[in-house]
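Notes follow once the structure below has been shown.
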Amino acid sequence: MNLSVEHREAEHRFLLEVEGAKAELTYRMRGRTIVFDHTGVPPQLRHRGLANQLAQAGLAYARQQQLQVDPQCRFMAVYLKRHPEFCDLLQPAG
C-alpha cells in the first residue's frame, strides 16, 4: 500500500488517512534539528507499512531541508538502524 503522505507543517506532523483512520509521525524543531517524537498507527491499520511510509516522508523532508535528525521515537530509532542510507542525517552524539 503506497499512499500519499501529507505534511502538515503548522501541526508538526506527517499524516496518512486510510479508511477514516489516521496514522501520524509527529515532530518538533530544535534549531536545525528535527526531533521525531511519536509514530502512531491505529490497530486496524497496522502491518500495512504505513509507519515506514511516514518515516520515509519525514526523513526525505529532513534531507530536503538539510536538517539533522534526533529520533526520540522508538520506531524512528529502529527504522534508522535498519536503513543506514539515512544515518548521515543523525545528529552527532555529544
Side-chain angles (χ1 to χ4, degrees):
M1 177 177 291
N2 196 8
L3 304 168
S4 179
V5 175
E6 180 182 355
H7 181 199
R8 293 189 179 175
E9 194 167 0
E11 299 173 16
H12 290 176
R13 67 182 180 149
F14 294 88
L15 183 68
L16 277 170
E17 292 190 54
V18 180
E19 300 168 7
K22 297 176 183 178
E24 69 178 1
L25 169 63
T26 63
Y27 66 91
R28 63 185 185 278
M29 296 301 302
R30 189 176 63 224
R32 296 292 304 155
T33 299
I34 187 168
V35 180
F36 292 112
D37 52 19
H38 174 72
T39 305
V41 178
Q44 70 270 27
L45 298 181
R46 292 189 182 148
H47 310 293
R48 298 187 189 188
L50 300 180
N52 287 338
Q53 289 181 50
L54 290 165
Q56 291 165 8
L59 293 167
Y61 174 77
R63 189 176 302 286
Q64 177 189 27
Q65 298 298 312
Q66 299 180 347
L67 301 171
Q68 292 184 318
V69 170
D70 183 0
Q72 294 294 311
C73 164
R74 187 182 78 179
F75 175 82
M76 287 300 287
V78 170
Y79 186 91
L80 284 162
K81 285 182 183 178
R82 292 181 179 163
H83 295 87
E85 65 270 23
F86 293 111
C87 286
D88 62 301
L89 298 174
L90 285 171
Q91 178 179 350

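Scope of the values below: all heavy atoms of this structure, side chains included, with no hydrogens, waters or symmetry mates.
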Could you tell me whether a side-chain N or O of Arg46 sits under 3.5 Å from a main-chain N or O of Ala51, the two making a donor and an acceptor? no
Cys73 and Thr39 have their tightest heavy-atom pair at SG-OG1, 3.2 Å
Non-hydrogen side-chain atoms of Val41 and Phe75 separated by less than 4.5 Å: no
Side chain to side chain contact (heavy atoms under 4.5 Å, CB included) for Leu59 and Leu80? Distances and angles first, verdict last. CA-CA 9 Å; Leu59 293 167; Leu80 284 162; 4.0 Å; yes
Would you mind listing every salt bridge (charged side-chain N to carboxylate O under 4.0 Å, His left out) that reaches into residues 57-74, with sequence neighbours excluded? Arg30-Asp70, Arg63-Asp88
For residues Ala21 and Pro42, report the shortest heavy-atom separation together with the two atoms involved. CB-CG, 4.1 Å
Does Glu11 have more than 12 heavy atoms from other residues, nucleotides or ligands lying within 6.0 Å of its CD? yes
Once you round to the nearest 0.5 Å, how far does CZ of Arg28 lie from NE2 of His38? 13.0 Å
Looking at Lys22 and Glu24, is any side-chain nitrogen of the basic one under 4.0 Å from a carboxylate oxygen of the acidic one? no
When clusters are formed by joining ILVMFWY residues with side-chain heavy atoms under 4.5 Å apart, either directly or through shared neighbours, do Leu15 and Ile34 land in the same one? no
List in chain and number order the residues that pass ring pair (Phe, Tyr, Trp, His ring centres under 6.0 Å) with Tyr27, two or more places apart in sequence or in another chain; answer none if no residue qualifies. His7, His12, Phe14
What class does the angle between the rings of Tyr79 and His83 fall in, given that below 30° is parallel, 30 to 60° is tilted and above 60° is perpendicular? parallel
Minimum heavy-atom distance between Arg48 and Gln53, given as atom pair plus value: O-NE2, 4.5 Å
Between Leu90 and Pro71, is there a side-chain heavy-atom distance shorter than 4.5 Å? yes
The side-chain hydrogen bond (donor to acceptor under 3.5 Å, both in side chains) partners of Gln68 (sequence neighbours excluded) come to none
Closest heavy-atom contact between Met29 and Gly31? CE-O, 3.8 Å
Could you give me the CA-CA distance, side-chain angles and deciding distance for Met76 and Val69, then say whether side chain to side chain contact (heavy atoms under 4.5 Å, CB included) is met? CA-CA 10 Å; Met76 287 300 287; Val69 170; 5.5 Å; no
Following the transitive rule for hydrophobic clusters with a side-chain heavy-atom cut-off under 4.5 Å over Ile, Leu, Val, Met, Phe, Trp and Tyr, establish whether Val35 and Tyr61 coincide in one cluster. no
